[in-house]
Amino acid sequence: MIEKTLSIIKPDAVERNLEDKIKSFFEENNLKISNIKKVKISKEEAFEFYKVHQTKPFYNDLCNYLSSGPIVVMVLEGENAVLKNRELMGATDPKNAAEGTLRKKYGLSIDKNSVHGSDSIDNGKTEINFFFK
Ligand code: IDP
Ligand code: MG
């Protein structure tokens, strides 16, 4: 099934100029970038975006981090895009990410793990709508 999912290139990766490499990696793996923009969000917006994590001990740091610098938000489209993107990203903690995944290649730590990806079709819709109204 052709799906859409939201991908974010997080501040650590934008700062290291990894934008083009990450975009090419998605395209080489048959995920089309159908919408893209670079933005800087406020801490309040980060709180809203990550509200599913509001009870977690790392919520405040996570929201500080996502709002700390420019990010690139993208809609990825393709066959099984949600799961495909999760596979290309790798595990949340780069230490556990499989060889060849984005987080293995570029992630610095569990918080500076370079990319975000929606974890379900429904959350993908909500997240796409958050950035591309
Ligand atoms: P995901 O990004 O792989 O979907 P989630 O569990 O949804 O992982 O967590 C969202 C983000 O919160 C992660 O990408 C990571 O940056 C951060 N995070 C998750 N778990 C921890 C933790 O235990 N300590 C610090 N940051 C965390
Ligand atoms: Mg998640």
Side-chain angles (χ1 to χ4, degrees):
M1 192 173 73
I2 300 291
E3 298 170 355
K4 288 184 185 182
T5 189
L6 186 85
S7 170
I8 303 179
I9 305 177
K10 293 184 177 182
D12 66 277
V14 173
E15 195 176 11
R16 286 176 289 148
N17 290 311
L18 295 169
E19 194 179 331
D20 287 346
K21 283 187 174 132
I22 292 172
K23 282 159 55 182
S24 301
F25 186 68
F26 287 133
E27 288 165 340
E28 285 157 11
N29 285 280
N30 303 315
L31 290 178
K32 190 178 128 215
I33 299 166
S34 59
N35 216 336
I36 183 165
K37 64 181 176 182
K38 190 181 271 185
V39 293
K40 188 172 183 300
I41 62 171
S42 65
K43 186 164 179 187
E44 288 64 38
E45 289 170 310
F47 275 145
E48 174 64 23
F49 180 77
Y50 270 134
K51 70 178 176 213
V52 293
H53 293 303
Q54 61 193 339
T55 60
K56 309 272 172 65
F58 55 83
Y59 180 57
N60 191 57
D61 286 347
L62 176 63
C63 295
N64 269 334
Y65 175 60
L66 196 71
S67 58
S68 68
I71 58 175
V72 175
V73 293
M74 294 174 280
V75 177
L76 301 181
E77 225 177 296
E79 197 62 41
N80 298 318
V82 172
L83 188 61
K84 183 77 176 284
N85 179 39
R86 297 293 308 190
E87 285 170 2
L88 296 175
M89 286 163 61
T92 305
D93 187 342
K95 286 204 293 276
N96 304 324
E99 211 56 54
T101 61
L102 288 169
R103 283 168 164 172
K104 177 71 176 187
K105 287 195 276 194
Y106 305 128
L108 300 173
S109 58
I110 193 164
D111 44 324
K112 295 185 175 175
N113 59 5
S114 303
V115 282
H116 165 85
S118 311
D119 61 6
S120 67
I121 294 181
D122 274 1
N123 286 339
K125 284 182 183 153
T126 307
E127 292 182 359
I128 288 168
N129 195 46
F130 182 89
F131 284 106
F132 300 99
K133 292 227 168 55

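Side chains included, hydrogens not; waters and symmetry mates left out as well; all remaining heavy atoms used. Count residues from 1 along the sequence. We count ligands from 1, going down the list as the structure has it; atoms in each ligand are counted the same way.
Applying the side-chain hydrogen bond (donor to acceptor under 3.5 Å, both in side chains) criterion to Lys43, with sequence neighbours excluded, gives Asn60, Asn64.
Here Lys112 has no heavy atoms under 4.0 Å from ligand 1, in either its backbone or its side chain. Heavy atoms of Leu62 found under 4.0 angstrom from ligand 1 belong exclusively to the side chain.
When hydrogens are left out, the protein atom nearest atom 3 (O) of ligand 1 is Thr92 OG1, 2.6 Å; that is the closest non-hydrogen contact. The nearest heavy-atom contact from the protein to atom 2 (O) of ligand 1 is Arg103 NH2, 2.9 Å. With hydrogens left out, the protein atom closest to atom 16 (O) of ligand 1 is Ile110 O, 3.0 Å, a heavy atom. Summary of contacts: the protein heavy atom closest to atom 10 (C) of ligand 1 is His53 NE2, 3.5 Å.
In the hydrophobic cluster analysis, where Ile, Leu, Val, Met, Phe, Trp and Tyr join through side-chain heavy atoms closer than 4.5 angstrom, Tyr50 is grouped apart from Ile9.
Inclusion of Lys10 in the set of residues having an N or O under 3.5 Å from an N or O of ligand 1 is warranted.
Inter-residue side-chain proximity for Lys10 and Lys112 is flagged as unmet; no heavy-atom pair is nearer than 4.5 Å. His116 has its side chain out of reach of Ile71: every pair of non-hydrogen atoms, C-beta onward, lies at least 4.5 Å apart.
Nearest-residue assignment for atom 24 (N) of ligand 1 (options Tyr50, Phe58, Tyr65; heavy-atom criterion): Phe58.
When each atom of ligand 1 is checked for a heavy atom of Arg86 under 4.0 Å away, the hits are 1 (P), 3 (O), 4 (O). Residue-ligand proximity, Asn113 to ligand 1, at heavy-atom distances under 4.0 Å covers atoms 13 (C), 14 (O), 15 (C), 16 (O).
A side-chain donor-acceptor contact under 3.5 Å links Tyr59 to the backbone of Phe47. Checked by atom type and distance alone, the side chain of Arg103 pairs as donor or acceptor with a backbone atom of Val115 at under 3.5 Å.
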Side chains of residues 75-84: which donor-acceptor partners sit under 3.5 Å, not counting sequence neighbours?
from, atom 1, to, atom 2, distance (Å)
Glu77, OE1, Ser34, OG, 2.9
Glu79, OE2, Met1, N, 2.4
Lys84, NZ, Asn29, O, 2.7

